[in-house]
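First up is the structure itself, then whatever we jot down about it.
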Amino acid sequence: MKPIAQIGKQLSTAVKRPKNNEVYYSSQWRLIYQRLKKHKLARISLIILACFYLVAIFAQFIAPYGLQSYDSKYVNAPPTKLSFKDAEGNFHLRPYVNELKSGRDPVTLRKVFVQDEKLRHPVRFLVKGETYKFLGLFSTSIHLFGVDEPGRLFLFGTDGMGRDLLSRVVLGSQISLSIPLIGVSISFVLGLFIGGVSGYFGGWLDSVIQRIIEIIRSFPTLPLWMALSAAIPARVPVVTMYLYIVIIFAFIGWTDLARVARGKFISLKNEEYVLAAKIAGVSDAKIIIKHLLPGFISYLVVATTLAIPGMILGETAMSFLGLGIRSPATSWGVLLQEAQQIENIALYPWKLIPLGFVIIAVLTFNFLGDGLRDAADPYKK
């Protein structure tokens with residue numbers, strides 16, 4: 001009896017109340033949550049992703065400038081430096097930026113920018129700027145931070161049209177972070193439904209579905225993206241283009257999850273509790289929802305989380321190649337288009353800053369997926 005008791009303690013977590021000595025056992029999701037809390041890397045990744053999505057939700061409020069804001073005087077300007085101590089050595093509690101002035105390099109004759117330490121512009125919070133609709137509800141011109149005119153604040157520098165790169169990174173996160181979530185959600189529903197039907201009913205229906213999946217998976221990814229993107233009409237509205245990109249990713253991404261769902265349904269549909277439910281006259285829909293899905297839904301959640309980084313990279317690659325989101329809309333892939341030219345990277349390395357956000361987003365989703373996978377493993381202590 002001792003080994004059985006030890007196994008029981010490993011499979012469930014018991015919490016005793018000191019008053020009446022009653023024992024309460026945790027559910028499967030509670031156990032997953034408790035294991036996930038112990039995974040430090042997954043916990044840190046979850047915090048970073050939460051910050052990313054908060055920034056994306058309030059992007060127009062956080063961004064100092066709008067998408068259409070540009071200044072030809074500051075084309076390819078370097079990042080402005082925040083300072084607390086001036087040239088005289090005086091310390092200022094409020095950070096400031098110096099005025100940027102352009103000139104010519106005497107050797108290369110290339111346009112360069114120097115900071116005029118005599119002209120200082122303090123950074124202020126809740127400043128007025130371009131008008132926008134806050135969360136689509138009401139119009140306002142209040143931004144989180146900025147400097148008073150005629151000063152300019154370019155913490156990430158500017159691009160080839162004099163647009164603030166920080167604002168474009170923040171506003172581009174709305175597309176680069178939302179397309180993967182929406183695309184994976186559609187793929188999750190399609191993969192779970194089609195894979196479940198294929199695995200549960202089997203027979204000729206299973207054969208037909210598997211042949212369709214094999215045909216879709218046989219196409220090389222990049223040529224398939226190019227073919228589907230070519231089907232999008234030229235100069236479509238930004239919202240319509242966004243919808244098309246989501247559909248493309250959902251059309252490509254559901255096959256992997258469908259294969260996983262099919263295998264799980266095949267392995268579980270002949271279990272004794274499922275056969276008992278069939279004998280009792282329970283409908284197929286209720287067997288699938290009540291008995292089969294709870295057995296591996298945690299695995300599907302993990303698989304879905306691990307699929308999001310692939311969609312982030314896919315959207316970035318499509319926009320980088322000019323097949324996805326196009327100007328005047330922006331995403332991290334669109335921002336990296338200027339990095340296609342080697343001279344841009346050599347002369348203006350700050351244009352690679354959006355790549356850092358892509359890498360961080362992909363790594364944090366992968367770390368979170370690894371943590372969820374370990375937490376959902378029933379054999380892991």
Side-chain angles (χ1 to χ4, degrees), residues 175-232 241-270 288 292-293 295-325 331-333 358-359 361-363 365-370 372-373 376-377:
I175 290 179
S176 293
L177 293 177
S178 61
I179 279 184
L181 283 185
I182 299 175
V184 165
S185 300
I186 297 175
S187 298
F188 180 83
V189 175
L190 287 176
L192 185 60
F193 175 76
I194 298 175
V197 169
S198 177
Y200 184 77
F201 294 102
W204 66 269
L205 186 59
D206 181 30
S207 299
V208 171
I209 292 176
Q210 295 309 307
R211 299 299 80 76
I212 294 174
I213 291 177
E214 290 171 359
I215 291 173
I216 294 176
R217 292 172 63 88
S218 65
F219 286 100
T221 304
L222 185 57
L224 184 58
W225 282 347
M226 295 175 66
L228 292 174
S229 298
I232 300 176
M241 173 64 75
Y242 180 89
L243 178 62
Y244 286 156
I245 297 296
V246 171
I247 293 175
I248 288 174
F249 281 112
F251 179 75
I252 296 174
W254 67 270
T255 56
D256 293 331
L257 189 60
R259 283 284 179 87
V260 173
R262 173 181 177 270
K264 292 295 183 180
F265 271 94
I266 290 176
S267 63
L268 294 177
K269 71 177 183 180
N270 293 322
I288 292 174
L292 293 179
L293 285 181
F296 61 93
I297 191 66
S298 59
Y299 181 85
L300 294 180
V301 171
V302 173
T304 302
T305 304
L306 291 174
I308 293 177
M311 290 225 171
I312 292 177
L313 292 175
E315 185 277 327
T316 302
M318 288 185 66
S319 299
F320 176 77
L321 296 174
L323 303 174
I325 301 297
S331 69
W332 292 342
V358 174
I359 294 174
V362 171
L363 287 178
F365 269 115
N366 280 326
F367 292 149
L368 178 60
D370 289 340
L372 284 172
R373 181 178 57 196
D377 187 0

Shortest non-hydrogen separation from Gly199 to Ile266 and the atoms involved
O-CG1, 3.6 Å
Provide the closest heavy-atom pair for Asn366 versus Pro309 in the form atom of the first, atom of the second, distance.
OD1-CG, 3.5 Å
Under 3.5 Å donor-acceptor pairs involving side-chain atoms of residues 250-263, not counting sequence neighbours:
{"from": "Trp254", "atom 1": "NE1", "to": "Phe251", "atom 2": "O", "distance (Å)": "3.1"}
{"from": "Asp256", "atom 1": "OD1", "to": "Arg217", "atom 2": "NH1", "distance (Å)": "2.1"}
{"from": "Arg259", "atom 1": "NE", "to": "Gln210", "atom 2": "OE1", "distance (Å)": "2.8"}
{"from": "Arg262", "atom 1": "NE", "to": "Asp206", "atom 2": "OD1", "distance (Å)": "2.8"}
{"from": "Arg262", "atom 1": "NE", "to": "Asp206", "atom 2": "OD2", "distance (Å)": "3.4"}
{"from": "Arg262", "atom 1": "NH2", "to": "Asp206", "atom 2": "OD2", "distance (Å)": "3.0"}

Which distance, rounded to the nearest 0.5 Å, do you find between the CG of Leu181 and the CZ of Phe188?
13.5 Å
dist Ile359:CD1 -> Leu313:CG (nearest 0.5 Å) comes out at 9.5 Å
Distance col, row Trp204:CH2 vs Ile209:CD1, nearest 0.5 angstrom, shows 8.5 Å
Could you grab the distance from atom OG of Ser187 to atom CD1 of Ile194, nearest 0.5 Å is fine?
10.0 Å
Atom CD1 in Ile179, atom CD1 in Ile312: separation rounded to 0.5 Å?
10.5 Å
Kindly check if the number of other-residue, nucleotide or ligand heavy atoms within 6.0 Å of CZ (Phe201) is above 12?
yes
Is a side-chain N or O of Ser198 found less than 3.5 angstrom from the main chain of Gly195, in a donor-acceptor match?
no
If you look at every heavy atom in Ala361 and Trp332, which pair is closest and at what distance?
CB-CZ3, 4.1 Å
Pairs involving residues 175-187, ordered by first then second residue, that meet salt bridge (Lys or Arg N to Asp or Glu O under 4.0 Å) (sequence neighbours left out):
none
Ser207 side chain near Arg211 side chain, heavy-atom distance below 4.5 Å
yes
